[in-house]
J.: 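Following this message is one structure expressed as structure tokens.
When a residue number appears, it is its place in the shown sequence, counting from 1.
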Amino acid sequence: MNFFQGIADSFYKALIVQERWKMLLEGLGNTLIIALGATVLGVAIGIVLAIIKYSADGSKNIVIRILDKIASIYITVIRGTPVMVQLFILSTAVLVSIRQGIIIAIIGMGLNSGAYVAEIIRAGINAVDKGQNEAGRSLGLSKGQTMRYIILPQAVKNILPALGNEFIVLLKETSVVGYIAVEDLTFAAQRIKTVSYDPTAFFIAAGVYLVMVIGLTAILRKIERRLARSDHR
């Protein structure tokens, strides 16, 4: 009985006292905003980088070749350095004029995600049959129109599950933004633990992350099944 009473007291201190549940709720909201914003930014960056890399393959255009080198350096640097270090650099050296930590977090996480999404999209583009490009050009479409109307739609269908997994990874990685004083879910749990001297808030935060990941994974599996059925038609 004392064991269950202790658990109840811990949850009471973590959630009810001084309405601390509001801190967790606000932190959850910030976590979702950062994850969604960074995903949109990351996908946009990834598409641009992937198209540059794809266009540079066999191209003799000097501008495309230079852009390809820049894209390669960007991907190498971003993928080769910790996201936390990237956030510190942005907040203390690059985006010092921006006072809203959430904006810095979205930009930082989006820049980081873009390097990984670029490789996902590039793999999806390369998976599209080369004949699709030739078919588009034979219909009178330009190289850009062929990419926009024929190649990319098919590539997106191929990589949709991978992009969903990237969002799940990004959702969990947002837990580091507290180091630049952004009040996400993890940071809120840390604040509650500091004032209550009880780690229960961390267990609650972990449970919330787990529920979100399980829910998103179930949605992704359903999408994958639908895509698989559409491929067999």
Side-chain angles (χ1 to χ4, degrees), residues 34-98 103-170 173 220 223-224 227 230-231:
I34 294 168
L36 289 172
T39 298
V40 172
L41 179 59
V43 169
I45 293 173
I47 290 174
V48 173
L49 294 178
I51 291 175
I52 290 173
K53 300 290 291 181
Y54 179 81
S55 301
D57 188 19
S59 175
K60 295 182 179 180
N61 187 305
I62 186 64
V63 176
I64 294 296
R65 302 299 295 178
I66 292 174
L67 290 176
D68 177 54
K69 291 296 183 183
I70 294 174
S72 296
I73 293 172
Y74 172 83
I75 292 172
T76 300
V77 171
I78 294 297
R79 296 181 67 178
T81 55
V83 64
M84 190 184 301
V85 174
Q86 295 167 18
L87 288 173
F88 281 139
I89 291 173
L90 286 176
S91 62
T92 60
V94 180
L95 302 177
V96 291
S97 61
I98 298 179
I103 295 178
I104 297 175
I106 290 174
I107 294 173
M109 300 302 294
L111 290 173
N112 181 270
S113 178
Y116 294 91
V117 171
E119 293 301 297
I120 293 173
I121 295 176
R122 188 164 71 93
I125 291 174
N126 288 333
V128 176
D129 189 273
K130 299 295 183 182
Q132 297 292 319
N133 185 52
E134 296 172 1
R137 299 304 296 272
S138 67
L139 292 173
L141 298 177
S142 66
K143 190 174 182 178
Q145 289 173 325
T146 301
M147 173 63 70
R148 178 180 177 184
Y149 296 113
I150 297 178
I151 305 298
L152 274 182
Q154 295 183 63
V156 168
K157 183 179 180 181
N158 293 335
I159 65 175
L160 200 55
L163 287 178
N165 287 328
E166 174 63 20
F167 176 71
I168 291 175
V169 171
L170 193 58
E173 284 187 344
L220 280 177
I223 292 174
E224 288 178 13
L227 289 177
S230 67
D231 287 339

J.: Between E166 and T39, does any side-chain donor sit less than 3.5 Å from a side-chain acceptor?
T.: no
J.: Got a donor-acceptor contact below 3.5 angstrom from the Y74 side chain to the L111 backbone?
T.: yes
J.: Kindly give the heavy-atom pair with the smallest separation between I120 and A162, and that separation in Å.
T.: CG2-CB, 3.8 Å
J.: Using a 4.5 Å cut-off on heavy atoms from C-beta on, say whether the side chain of V40 contacts that of I106.
T.: no
J.: Nearest 0.5 Å please: distance from the CZ atom of F167 over to the CG atom of L36.
T.: 4.5 Å
J.: Rounded to the nearest 0.5 Å, how far apart are CG of L87 and OG1 of T92?
T.: 10.0 Å
J.: Among residues two or more places apart or on two chains, list those pairs meeting salt bridge (Lys or Arg N to Asp or Glu O under 4.0 Å) that have a residue in residues 118-128.
T.: E119-R122
J.: Checking Q86 side chain against G108 main chain: does a donor-acceptor pair fall under 3.5 Å?
T.: no
J.: Please report, to 0.1 Å, the donor-acceptor pairs under 3.5 Å made by any side chain of residues 41-56, with sequence neighbours excluded.
T.:
residue	atom	partner	partner atom	Å
K53	NZ	D68	OD1	3.1
K53	NZ	S72	OG	2.4
S55	OG	I51	O	2.8

J.: Considering the options I107, L170, V83, which one meets the side-chain contact (heavy atoms from CB on, under 4.5 Å) requirement together with N112?
T.: V83
J.: What's the spacing between L95 CG and L90 CG if we round to 0.5 Å?
T.: 5.0 Å
J.: Determine the minimum heavy-atom distance between I104 and I98, stating which atoms define it.
T.: CD1-O, 3.6 Å
